[in-house]
Amino acid sequence: MKYISTRGGIDPISFNQAVMMGLASDGGLLLPATTPTFSSAEIKELAELPYTQLAMTIFSRFIGDDIPPADLRQLIESSYATFSTKTVAPLKRVGDLYIQELFHGPTLAFKDIALQFLGNLFEYLLVREKRSLNIIGATSGDTGSAAIHGVRGKKNINIFILHPHGKVSPVQEKQMTSVLDDNVFNLAIEGNFDDGQRVVKELFADLDFKRDYQLGAVNSINWARIMAQVVYYFSVYSQLPIAARKDFTVVVPTGNFGNIFAGWMAKEMGLPIKRLVLATNANDILYRFIKTGIYSSGEVMPTLSPSMDIQLASNFERYLYYLNDRNPHQLNERLTEFAVSGELVISSKLFEKMRENFTSVRVDDQAILTTIKDTWQETGYILDPHTATGVNAAHEYRLQEQTDTAMICLATAHPAKFPDAVEKAIGTPPTAPPSITALENLPCRFDLIAADTKAVKAYLIEKLST
Ligand SMILES: *Cc1c(COP(=O)(O)O)cnc(C)c1O
């Protein structure tokens, strides 16, 4: 399989090159040159496979000959052996909905599904190519800890994660700083999340430094992350009762458009998803786009679902490329328009096309709390605040559409990761699973450092030259 850029500025590259490149060198996002598809007979056969074999079948279509099957199988097996359930992404019946729990990985959020695999894949490719990689990123919580757990102890990789000192949740802080592997460096920045992001951006802007020290990013735009996420949509199908498989609706709590893009890809590949419901919190850029066809940024507002507090969705360009008939020229025009005016408008024809696949519901903090409370009272199931946006959106969608197709809500985090929001909703914090209670007594390691690019650069140079 060859990979191309949404902006049309690179020659086709291999899967391996696409993984190592991350962001396309022309500034675009990488995509497979053709979309693999499965017939409905093949999809029925896929439904019989356990999760890791399902992943194997789907990944093989995207990778082709770039990784020998035995090696790929090994990478997949070790990536999902760290999950607390063999099903990896179990589907549960909760009231009149289904909930797919994507939080059984090491950091209890759905990002583990992609990052456990990406860590193994990076190690495999780096060792094979005799190269090394130093990952640098700033985090406000979820991505940083999932990335650290994805690459801890891996050969040829170091990871440096900047978090705002004292400003991430206690669970997230512990999940990051209790990892004591030699290749993991936690930098607690004396500043806020934006300071951390600025420092990382300035480090990457120094191209000589970036090249000399093999710096790379952890971000949600790596193609391998999307590919890994396609699998659990197929796994929904496998776990649904046969009568419900004909067509079903999936509700996705959305920030960067990564998770929901994987769902759209699964639909393109032949999975009979009727519609995708995009749930946002008060940070509603994607909600406004789906309602009006106009994409225009707003101010980021803090909410009870912090991992969705995003106003520019980094994976959205992938979808726009397909929507614009895979025409990079047409896409570039839209992107230039957006860069100049801060607004991107699609034609009414494309708007209709988009509305066949997507609908959206915006959920404010009050509705998040009410949804956690109502769901708990009616079913005994405790939602985390991100998943609650999805469940609220599912109820709204049912009311609007008067539909009785199966509704699947993706649960993106374990409630015990966000105990304050849960306690606010139901009066008591959720019971912490063993992996969280165990954190309490673990030793931690981090280095406190000024929110200053020079200081961080000196730190990197010191660590990387020993
Ligand atoms: C990252 C994250 C999201 C948003 O996912 P996207 O792929 O950015 O849309 C939602 N919920 C949780 C808990 C997350 O960590």
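One-based numbering, in listed order, for ligands and for the atoms of each.
Between the side chains of Asn222 and Arg225, no donor-acceptor pair is found at a separation under 3.5 Å.
The option from Asn259, Asn256, Asp309, Leu278 that lies nearest to atom 7 (O) of ligand 1, judged by heavy atoms, is Asn259. For atom 11 (N) of ligand 1, the nearest non-hydrogen atom from the set Ile260, Thr107, Thr412 belongs to Thr412.
By the criterion of a heavy-atom distance under 4.0 Å, both the backbone and the side chain of Thr254 are placed next to ligand 1. The part of Phe257 lying near ligand 1 is the backbone, judged by heavy-atom distances below 4.0 Å. Contact annotation: for Lys111 versus ligand 1, heavy atoms closer than 4.0 Å belong to the side chain alone.
Distances from ligand 1 to the non-hydrogen atoms of Phe110 include at least one value under 4.0 Å.
Closest to atom 4 (C) of ligand 1, if we only count protein heavy atoms, is Gly255 N, 3.6 Å.
More than 12 non-hydrogen atoms from other residues, nucleotides or ligands lie less than 6.0 angstrom from NZ of Lys174. Sparse packing is recorded around NZ of Lys210, with 12 or fewer heavy atoms of other residues, nucleotides or ligands lying under 6.0 Å away.
Near Met308, with a cut-off below 4.0 Å to any heavy atom, the atoms of ligand 1 are 10 (C).
Counting all heavy atoms, side chain and backbone alike, Leu439 lies closest to Gln175 at CD1-CG, 3.7 Å. Nearest approach of Thr34 to Arg326, heavy atoms of both residues: CA-NH1, 4.4 Å.
Between Asp26 and Arg7, no side-chain nitrogen of the basic residue sits less than 4.0 Å from a carboxylate oxygen of the acidic one, so the salt-bridge criterion is not met.
Not one N or O of Ala413 is nearer than 3.5 Å to an N or O of ligand 1, by distance alone.
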Is there a side chain to side chain contact (heavy atoms under 4.5 Å, CB included) between Arg245 and Ile43 once you walk through the steps? CA-CA 11 Å; Arg245 289 180 186 172; Ile43 288 172; over 6 Å; no
